[in-house]
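Predicted model, so just to flag it, every value in this text is computed and none were measured. Nothing fancy with the numbering, it's 1 onward along the sequence.
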Amino acid sequence: MFVVESYAAVRRFVFVEGHSRREAAEVFGLNRDTVRKMCLYSAPPGYRRTKPPTKPKLGALLPVVDAILAADREAPRKQQHTAKRIFERLRDEHGYTGGYTMVKDHVRLCRARGRETFVPLAHPPGHAQVDFGEAVAVVGGERMKIHYFCMSLPQSDACFFKAYPRETTEAFLDGHVSAFAFFGGVPLSILYDNTTIAVAKICGDGTRERTRAFTELVSHYLFQDRFARPARGNDKGKVEGLVKFARNNFMVPVPAAANFDVLNARFAQSCRARQSEHAGQHAQTIAGRLVADVAALRRLPAVPLEPCEKRAGRVSSTALVRYRTNDYSVPTAYGFRDVVVKGVRRRGRHPLRG
């Protein structure tokens with residue numbers, strides 16, 4: 001093997017001093033093919049295989065190995081084949097007489113090809129991600145599970161979250177309205193998972209059929225809606241991380257408040273306080289990077305969207321209309337008429353009523 005210094009001397013002799021390869025071979029006492037290789041590469045390229053190695057014993061059984069690995073994708077994680085177990089099955093069931101190392105190397109390469117690789121994302125200003133998380137809180141003296149709406153601006157890592165008793169359409173809409181008011185504008189686009197509150201159906205070609213409530217939200221605020229791939233949390237990794245961060249940092253120990261308004265006022269203050277911190281390896285604070293996000297946001301509409309769920313109903317003969325398994329009284333003048341029922345959140349309390 002020729003050292004790098006030899007390569008440098010030959011290449012300088014040919015390319016800088018202007019001598020021919022024939023002269024270089026004579027001066028340095030090398031084969032012409034070696035000089036040609038030195039002119040092609042600036043350093044020794046090492047051994048290069050021109051074709052895949054032959055596997056006379058394993059080659060005929062490669063489809064069997066591939067079938068086992070394919071079946072493992074549907075098996076429980078702790079009951080998938082190891083390379084040793086595949087080797088034993090090939091030996092016992094198919095008469096394989098080769099070595100274990102050949103099987104192990106092939107399995108390792110196959111599994112490496114099947115794994116996803118990731119490239120860190122660079123997020124432009126003015127875009128957002130949304131998700132819901134779950135935690136436990138004491139509200140009005142009652143220990144309960146709460147669902148908190150999270151919105152993250154990935155470019156700056158600025159966040160907003162707000163708690164609700166349930167993950168309902170009203171909570172979903174109110175979370176957006178509150179987040180937009182908190183940031184002072186509307187993101188250019190928002191990335192979601194495939195929650196049934198926003199997506200009524202995923203069509204065969206991958207397009208989404210939006211719910212009426214979500215369509216009204218998009219129409220009112222005019223942002224672009226985007227959706228993550230099913231079961232791919234890494235598509236919206238920023239807000240996934242925010243869900244965990246909010247629970248670990250702002251809900252430990254278990255928070256307690258007189259009502260949801262008091263609890264959410266505390267959470268909003270936590271979001272503002274976090275803006276003075278540094279996230280990741282950024283030199284600027286979150287507040288410093290938030291300036292670019294705010295500058296890119298769309299202006300808020302003159303009137304915010306009314307965060308309520310709308311359902312068609314019919315008033316009974318006893319002047320009652322049903323909403324979410326409950327009957328509500330209405331003026332008798334509406335008897336036997338078709339109406340639109342709006343479900344809104346009562347301020348300061350945790351139930352959502354119609």
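For residues 281-296, every residue pair satisfying the side chain to side chain donor-acceptor pair (under 3.5 Å) rule, not counting sequence neighbours, is listed here: Q155-D293, S156-D293, D157-R289. For residues 268-283, the set of pairs meeting the salt bridge (Lys or Arg N to Asp or Glu O under 4.0 Å) definition, not counting sequence neighbours, is empty. Listed by first and then second residue, the salt bridge (Lys or Arg N to Asp or Glu O under 4.0 Å) pairs involving residues 4-30 amount to none (not counting sequence neighbours). Residue pairs meeting the salt bridge (Lys or Arg N to Asp or Glu O under 4.0 Å) criterion with at least one member in residues 75-92, sequence neighbours excluded: K84-E88, R85-E88, R89-E93.
The side-chain heavy atoms of H220 and L173, taken from C-beta on, include no pair separated by under 4.5 Å. At least one side-chain heavy atom of E216 sits less than 4.5 Å from a side-chain heavy atom of R212.
Between R210 and D225 there is a salt bridge, with a side-chain nitrogen of the basic residue lying less than 4.0 Å from a carboxylate oxygen of the acidic one.
In this structure, T34 OG1 and Y7 OH are separated by 7.5 Å, a value rounded to the nearest 0.5 Å. One finds the OG1 atom of T101 at 10.5 Å from the CZ atom of R108 (value rounded to the nearest 0.5 Å).
Listed by chain and residue number, nothing satisfies the side chain to side chain contact (heavy atoms under 4.5 Å, CB included) test with V252 (two or more places apart in sequence, or in another chain). Listed by chain and residue number, F183, P187 satisfy the side chain to side chain contact (heavy atoms under 4.5 Å, CB included) test with L297 (two or more places apart in sequence, or in another chain). Here Y100 pairs with nothing under the side-chain hydrogen bond (donor to acceptor under 3.5 Å, both in side chains) rule; sequence neighbours left out. Every residue was checked against the salt bridge (Lys or Arg N to Asp or Glu O under 4.0 Å) condition with D66, not counting sequence neighbours, and none meets it. Every residue meeting the side chain to side chain contact (heavy atoms under 4.5 Å, CB included) condition with V294, not counting sequence neighbours, appears here in chain and number order: L290. Residues passing the salt bridge (Lys or Arg N to Asp or Glu O under 4.0 Å) test with R247, sequence neighbours excluded: none. In this view, D193 satisfies the side-chain hydrogen bond (donor to acceptor under 3.5 Å, both in side chains) rule with no residue, not counting sequence neighbours. Qualifying side chain to side chain contact (heavy atoms under 4.5 Å, CB included) partners for A25, counting only residues two or more places apart in sequence or in other chains: R32, V35.
Using bins of under 30°, 30° to 60° and over 60° for the plane-to-plane angle, the ring pair F223/H176 lands in the parallel bin. Classification of the F13-F28 ring pair by plane angle, with boundaries at 30° and 60°, yields perpendicular.
When the shell of 6.0 Å around NZ of K55 is examined, it contains more than 12 heavy atoms from other residues, nucleotides or ligands.
Side-chain heavy atoms closer than 4.5 Å link hydrophobic residues (I, L, V, M, F, W, Y) into clusters, and following such links, possibly through other members, connects V186 to I190.
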Applying ring pair (Phe, Tyr, Trp, His ring centres under 6.0 Å) to F160 and F267, what does each step give before you reach the verdict? CA-CA 8 Å; F160 173 82; F267 286 163; 9.8 Å; no
Working for side chain to side chain contact (heavy atoms under 4.5 Å, CB included), residues Y96 and F87: CA-CA 8 Å; Y96 174 64; F87 165 73; 3.8 Å; yes
